Amino acid sequence: TQKPDQSREYVSAMLELGLSYPRWDTALKSRPDAERYSAAGWYLRGMIEQQAQHDRAASRAFAKALDRNPDFVPAQAATIEKKINAGRIQQALQLIAGSAQANHPRLRLLKAVALSRTGQIRQAMTILKPLIDKYPRNNEYLMVMAQLQRRQHHYDDAERTARQMLSNNP
């Protein structure tokens, strides 16, 4: 079964199958309405639109996913990531703060990334530390931590973190 935390990776894997955008579009449209118009269905639509670089359509689909289920973390995370990437950091932080799922690991990571973009490196590292303690094999958390350590000129720590990543995936 697909866990919500894995939705992003699942969609990425699906998109790597090499189907063209029109074929994905057709495949989605052929699904029953209950699936197509669910939070997960709209999220999938958003990811496909984003992959096709249809940013407005992706944003609309993520918004519809959140209309269906405001606590659907994959759609929250996708929306927050879009805001961070667009430089709308305060909006991203407000979305996280207003989420009932604000303590979800994915949203904690995004909060750390957003804070780091505002120069609040220590606060970002403080958020990441318990995530890494709990999920020491999560290379995404480790990668962000190593980048932050480098930005703080903690090169020895960054090297240790990078070695930990390598030991996770020899």
Side-chain angles (χ1 to χ4, degrees), residues 2-17 19 21 24-25 28 36-132 134-135 137-151 161-162 165 168-169:
Q2 181 62 33
K3 296 179 183 175
D5 297 335
Q6 299 169 315
S7 296
R8 182 176 168 194
E9 290 79 16
Y10 179 70
V11 170
S12 295
M14 288 176 57
L15 293 173
E16 287 175 9
L17 292 176
L19 294 181
Y21 173 81
W24 277 116
D25 186 55
L28 278 177
R36 238 173 55 187
Y37 299 120
S38 68
W42 280 114
Y43 169 74
L44 180 57
R45 164 64 65 192
M47 292 301 291
I48 290 167
E49 296 291 355
Q50 186 170 292
Q51 187 76 14
Q53 299 180 346
H54 301 157
D55 288 331
R56 286 190 178 145
S59 293
R60 282 192 302 271
F62 295 142
K64 287 182 180 189
L66 292 173
D67 286 343
R68 300 299 182 278
N69 180 355
D71 296 329
F72 189 56
V73 172
Q76 287 180 345
T79 301
I80 292 163
E81 284 181 70
K82 286 181 74 52
K83 299 233 182 264
I84 291 170
N85 292 336
R88 298 193 308 260
I89 306 303
Q90 290 309 315
Q91 289 177 6
L93 289 169
Q94 288 171 350
L95 287 173
I96 295 166
S99 172
Q101 302 293 322
N103 286 321
H104 186 281
R106 183 85 193 145
L107 298 189
R108 301 290 297 157
L109 172 66
L110 291 173
K111 183 175 182 177
V113 170
L115 289 171
S116 76
R117 300 272 176 97
T118 67
Q120 298 176 64
I121 306 299
R122 286 192 183 128
Q123 293 89 328
M125 291 171 75
T126 299
I127 290 169
L128 280 175
K129 177 77 171 92
L131 290 174
I132 292 170
K134 187 169 183 177
Y135 305 103
R137 298 187 62 76
N138 186 310
N139 281 348
E140 186 174 20
Y141 300 161
L142 292 167
M143 175 70 78
V144 172
M145 180 61 90
Q147 291 168 344
L148 297 177
Q149 290 166 330
R150 286 193 71 236
R151 286 180 61 188
T161 302
M165 284 175 29
N168 287 342
N169 292 315

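From a predicted model like this one, the values you see are computed outputs, not experimental measurements.
- Here the straight-line distance linking atom OG of Ser116 with atom CZ of Arg151 works out to 5.0 Å at 0.5 Å rounding.
- You'll find the side chain of Arg117 reaches within 4.5 Å of the side chain of Asn85, heavy atoms only.
- The nearest pair of heavy atoms linking Leu66 to Ala75 is CD2-CB, 3.7 Å.
- We find the NZ-CE distance between Lys129 and Met125 to be 10.0 Å, quoted to the nearest 0.5 Å.
- Counting heavy atoms from C-beta outward, Leu131 and Met145 have side chains that stay 4.5 Å or more apart.
- Using a distance-only test at 3.5 Å, with no hydrogens or angles considered, no donor-acceptor pair links the side chain of Arg108 to the main chain of Pro130.
- Closest heavy-atom contact between Asn168 and Asn138: ND2-N, 4.3 Å.
- Of all non-hydrogen atoms in Gly46 and Ala58, the two that sit nearest each other are O-CB, 3.4 Å.
- To the nearest 0.5 Å, atoms CD (Gln50) and CG (Asp55) are separated by 7.0 Å.
- No more than 12 heavy atoms of other residues, nucleotides or ligands lie within 6.0 Å of NZ in Lys64, so this atom counts as exposed by the packing criterion.
- Checking Leu128, Ile132, Ile127, Asn139 one by one against Val144, the side chain to side chain contact (heavy atoms under 4.5 Å, CB included) holds for a single residue, Leu128.
- Side chains of Tyr37 and Trp42 form a contact here, defined as non-hydrogen atoms less than 4.5 Å apart.
- Other residues, nucleotides and ligands contribute more than 12 heavy atoms inside 6.0 Å of the CZ atom of Arg68.
- Here the OG1 atom belonging to Thr118 is positioned 7.5 Å from the CD atom belonging to Gln123, to the nearest 0.5 angstrom.
- The structure places CG of Asn103 at 8.5 Å from NZ of Lys111, a figure rounded to the nearest 0.5 Å.
- Among Gln147, Met165, Arg137, the one residue that satisfies the side chain to side chain contact (heavy atoms under 4.5 Å, CB included) test with Leu142 is Met165.
- Leu107 and Ala102 make their closest contact through CB-O, 4.0 Å (heavy atoms, listed as atom of the first residue, atom of the second, distance).
- Annotation: side chain of Leu93 is in contact with side chain of Leu115 (closest heavy-atom distance under 4.5 Å).
- Taking the six-membered ring where tryptophan is involved, the planes of Tyr43 and Phe72 are perpendicular, since the angle between them exceeds 60° and thus also 30°.
- Contact of the Leu95 side chain with the Gln76 side chain is not registered, since no non-hydrogen atoms from C-beta on lie closer than 4.5 Å.
- For Gln101 and Ser99, the side-chain atoms include no donor-acceptor pair closer than 3.5 Å.
- A distance of 12.5 Å separates CZ in Arg88 from CD1 in Ile80, rounded to the nearest 0.5 Å.
- Leu110 and Ile84 get closest at one heavy-atom pair: O-CD1, 3.6 Å.
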